[in-house]
Trainee: 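One structure follows; several queries about it will come next.
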Amino acid sequence: MKLLSSSQITTSVVISFLYILPVVLILTKVISFSDRFLVLTITGALIIGLAMLNEIAPADLGFNHKNLLPAIKDILPVTIISSVLMIVFYLNHGMRIDNTGIPWYFYVFYISLSSPLQEFLYRSYLFNRLAQIQLNQGYIIIITAILYSFAHSIYQDLLTVLLSLIIGLYWAYHYNRFKNFYSITLSHTILGIIAILTGSV
């Protein structure tokens, strides 16, 4: 039987304790659902700390301006089509989930912290971490999308989980092609804001 390398063990521990455990604790109500954004912020801070500790170059985390325009051109069509579909559904059926009580400052938080942090966690860092253990790129795309979708299970809404998986697969595919944090964050922010405003998720 082949033994796991230290890098594989470290990756398994990071995923288990920082990507899976917090979600399980919220699902089992050990951590309150209302504290979900605090959990995201703490997890993000820990992952940023790990990235700094491992001295990962910013370019290896997708902080790259060189291919920004091609990356944006690539991601915009799917972002626009998805946005239009949500708006059309809203105009025809109203809000699937009532988000009318969400205060304006949540949107500021979502744009400035939540969306970028999610992309750093589930694309930038996770892609780099899984690539270090020489995992096949196809597997990386699938694993990151599943973990991203699993994080949304705290909303206990099957459609939200399924839509998160679908868009997570696309975002992972796009990130794998361009390794650009900015384009993926732009798409995530636009779709996230529209999804919340229209009550799609």
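The figures that follow rest on heavy atoms only: side chains count, while hydrogens, waters and symmetry mates do not.
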Trainee: Exactly one of Leu135, Asn54, Ile56 should register a side-chain contact (heavy atoms from CB on, under 4.5 Å) with Arg129. Which one does?
Mentor: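 It is Asn54; the other options fail the test.
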Trainee: List the steps and the verdict of ring pair (Phe, Tyr, Trp, His ring centres under 6.0 Å) for Phe181 and Tyr175.
Mentor: CA-CA 8 Å; Phe181 169 81; Tyr175 185 80; 8.3 Å; no
Trainee: Please test Ser34 against Ser32 for side-chain hydrogen bond (donor to acceptor under 3.5 Å, both in side chains), starting from the C-alpha separation and ending with a verdict.
Mentor: CA-CA 5 Å; Ser34 61; Ser32 171; 2.7 Å; yes
Trainee: Does the pair Thr100 and Met95 meet the rule for a side-chain contact (heavy atoms from CB on, under 4.5 Å), with working shown?
Mentor: CA-CA 9 Å; Thr100 53; Met95 284 188 165; 3.9 Å; yes
Trainee: Ignoring hydrogens and geometry, is there a side-chain-to-backbone donor-acceptor pair from Ser153 to Phe150 under 3.5 Å?
Mentor: yes
Trainee: Any side-chain heavy atom of Ile167 within less than 4.5 Å of one from Trp171?
Mentor: yes
Trainee: Using modelled atom types and a 3.5 Å cut-off, is there a donor and acceptor pairing between side-chain atoms of Asn180 and backbone atoms of Ser183?
Mentor: yes
Trainee: Can you confirm whether Tyr19 sits close enough to Thr144 that some side-chain heavy atom of one is under 4.5 Å from a side-chain heavy atom of the other?
Mentor: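 Not touching, per the 4.5 Å side-chain cut-off.
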Trainee: Begin with the C-alpha distance, continue with both residues' side-chain angles, and end with the deciding distance and a verdict on side-chain contact (heavy atoms from CB on, under 4.5 Å) for Thr10 and Ile133.
Mentor: CA-CA 10 Å; Thr10 302; Ile133 60 172; over 6 Å; no
Trainee: I'd like to know if the side chain of Asn92 and the backbone of Ile87 have a donor-acceptor N/O pair within less than 3.5 Å.
Mentor: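 No, Asn92 side chain to Ile87 backbone: no donor-acceptor pair under 3.5 Å.
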Trainee: CG of Leu25 to OG1 of Thr28: how many Å apart, nearest 0.5 Å?
Mentor: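 Separation between the atoms: 5.5 Å.
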Trainee: Check the hydrophobic clustering (I, L, V, M, F, W, Y; side-chain heavy atoms under 4.5 Å; chains of links allowed) and say if Ile154 and Leu113 are grouped together.
Mentor: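 Looking at the clustering, Leu113 is in the same group as Ile154.
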Trainee: Kindly confirm or rule out a cation-pi arrangement of Arg96 over Tyr90, judged by NZ or CZ under 6.0 Å from the six-membered ring centre and within 45° of its axis?
Mentor: no
Trainee: Find out whether Tyr148 and Ile143 are in side-chain contact, i.e. whether some heavy atom of one side chain is under 4.5 Å from a heavy atom of the other.
Mentor: no
Trainee: Using side-chain heavy atoms (C-beta onward) and a distance below 4.5 Å, is Thr79 in contact with Leu186?
Mentor: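 Result no, sub-4.5 Å side-chain heavy-atom pair not found.
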Trainee: Quick check for you: to the nearest 0.5 Å, what is the distance between Ile72 atom CD1 and Ser187 atom OG?
Mentor: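 Rounded to the nearest 0.5 Å, the CD1-OG separation comes to 10.5 Å.
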Trainee: Would you name the heavy atoms of Thr41 and Leu117 that are closest together and state the gap between them?
Mentor: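 The pair with the smallest heavy-atom distance is CA-CD2, 3.8 Å.
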Trainee: Check whether the ring centres of Tyr155 and Phe33 lie less than 6.0 Å apart, and answer yes or no.
Mentor: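 Distance test on ring centres: under 6.0 Å, yes.
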Trainee: Would you say Ser115 and Thr189 are linked by a side-chain donor-acceptor pair, where the criterion is simply a distance under 3.5 Å?
Mentor: yes
Trainee: Would you say the side chain of Thr43 lies within less than 4.5 Å of the side chain of Leu121, judging by non-hydrogen atoms?
Mentor: yes
Trainee: Taking only residues two or more places apart in sequence or in another chain, which ones pass side chain to side chain contact (heavy atoms under 4.5 Å, CB included) with Tyr107?
Mentor: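 Counting only residues at least two positions away or on another chain, Tyr107 forms a side chain to side chain contact (heavy atoms under 4.5 Å, CB included) with Ile102, Ile193, Ile196, Leu197.
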Trainee: Quick one: are Phe127 and Ile141 in side-chain contact, heavy atoms under 4.5 Å?
Mentor: yes
Trainee: Test question: given the 4.5 Å side-chain rule for I, L, V, M, F, W and Y, name all other residues clustered with Tyr105, or answer none.
Mentor: Trp104, Val108
Trainee: Rounded at 0.5 Å granularity, tell me how far OG in Ser12 sits from CD1 in Ile20.
Mentor: 9.5 Å
Trainee: Linking I/L/V/M/F/W/Y whenever their side-chain heavy atoms sit closer than 4.5 Å, directly or via other members, would Leu50 and Ile42 fall into one cluster?
Mentor: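 Yes, because Leu50 and Ile42 connect within a single hydrophobic cluster, where side-chain heavy atoms sit under 4.5 Å apart.
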Trainee: Should Arg36 and Val39 count as side-chain neighbours, where that means a heavy-atom distance under 4.5 Å?
Mentor: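 A side-chain contact is absent here, since even the closest heavy-atom pair is not under 4.5 Å.
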Trainee: Does a sphere of radius 6.0 Å around OH in Tyr173 hold more than 12 heavy atoms from other residues, nucleotides or ligands, not counting ones at 6.0 Å or beyond?
Mentor: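 Atom OH in Tyr173 is not crowded, with 12 or fewer foreign heavy atoms closer than 6.0 Å.
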Trainee: What's the shortest heavy-atom distance between Leu191 and Met86, and which atoms?
Mentor: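 What the structure gives for the nearest pair is O-CE, 3.6 Å.
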Trainee: Once rounded to the nearest 0.5 Å, what's the spacing between atom OG of Ser149 and atom CG of Leu162?
Mentor: 7.0 Å
Trainee: Distance check, rounded to the nearest 0.5 Å: Ile75 atom CD1 versus His188 atom NE2?
Mentor: 11.0 Å
Trainee: Is the gap between the ring centers of Phe106 and Phe37 under 6.0 Å?
Mentor: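 Centroid separation for Phe106 and Phe37: below 6.0 Å.
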Trainee: Among residues at least two apart in sequence or on other chains, which ones pass ring-ring contact (aromatic ring centres under 6.0 Å, His included) with Tyr170?
Mentor: none
Trainee: So if you build clusters from Ile, Leu, Val, Met, Phe, Trp, Tyr with side-chain heavy-atom gaps below 4.5 Å, do Val161 and Ile97 land together?
Mentor: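 Val161 does not cluster with Ile97.
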Trainee: Can you tell me if Thr198 and Ser200 form a side-chain donor-acceptor pair at under 3.5 Å?
Mentor: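 Side chains of Thr198 and Ser200: pair found under 3.5 Å.
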Trainee: Distance check, rounded to the nearest 0.5 Å: Thr185 atom OG1 versus Glu119 atom CD?
Mentor: 5.0 Å
Trainee: How far apart are the closest heavy atoms of Ile48 and Phe120, and which atoms are they?
Mentor: CG1-CE2, 3.6 Å
Trainee: Between the side chains of Asn128 and Asp60, does any donor sit under 3.5 Å from an acceptor?
Mentor: no
Trainee: Would you say the side-chain atoms of Gln118 and Ser114 include a donor-acceptor pair closer than 3.5 Å?
Mentor: yes
Trainee: Should Ser83 and Ile190 be marked as a side-chain contact (heavy atoms from CB on, under 4.5 Å) after you check the CA-CA gap, both sets of side-chain angles, and the distance that decides it?
Mentor: CA-CA 8 Å; Ser83 299; Ile190 292 170; 3.8 Å; yes
Trainee: Quick one: do Val88 and Val84 satisfy side-chain contact (heavy atoms from CB on, under 4.5 Å)? Show the steps, please.
Mentor: CA-CA 6 Å; Val88 168; Val84 169; 4.0 Å; yes
Trainee: Does Ile140 reach the side chain of Asn176, with side-chain heavy atoms less than 4.5 Å apart?
Mentor: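 Side-chain contact under 4.5 Å: no.
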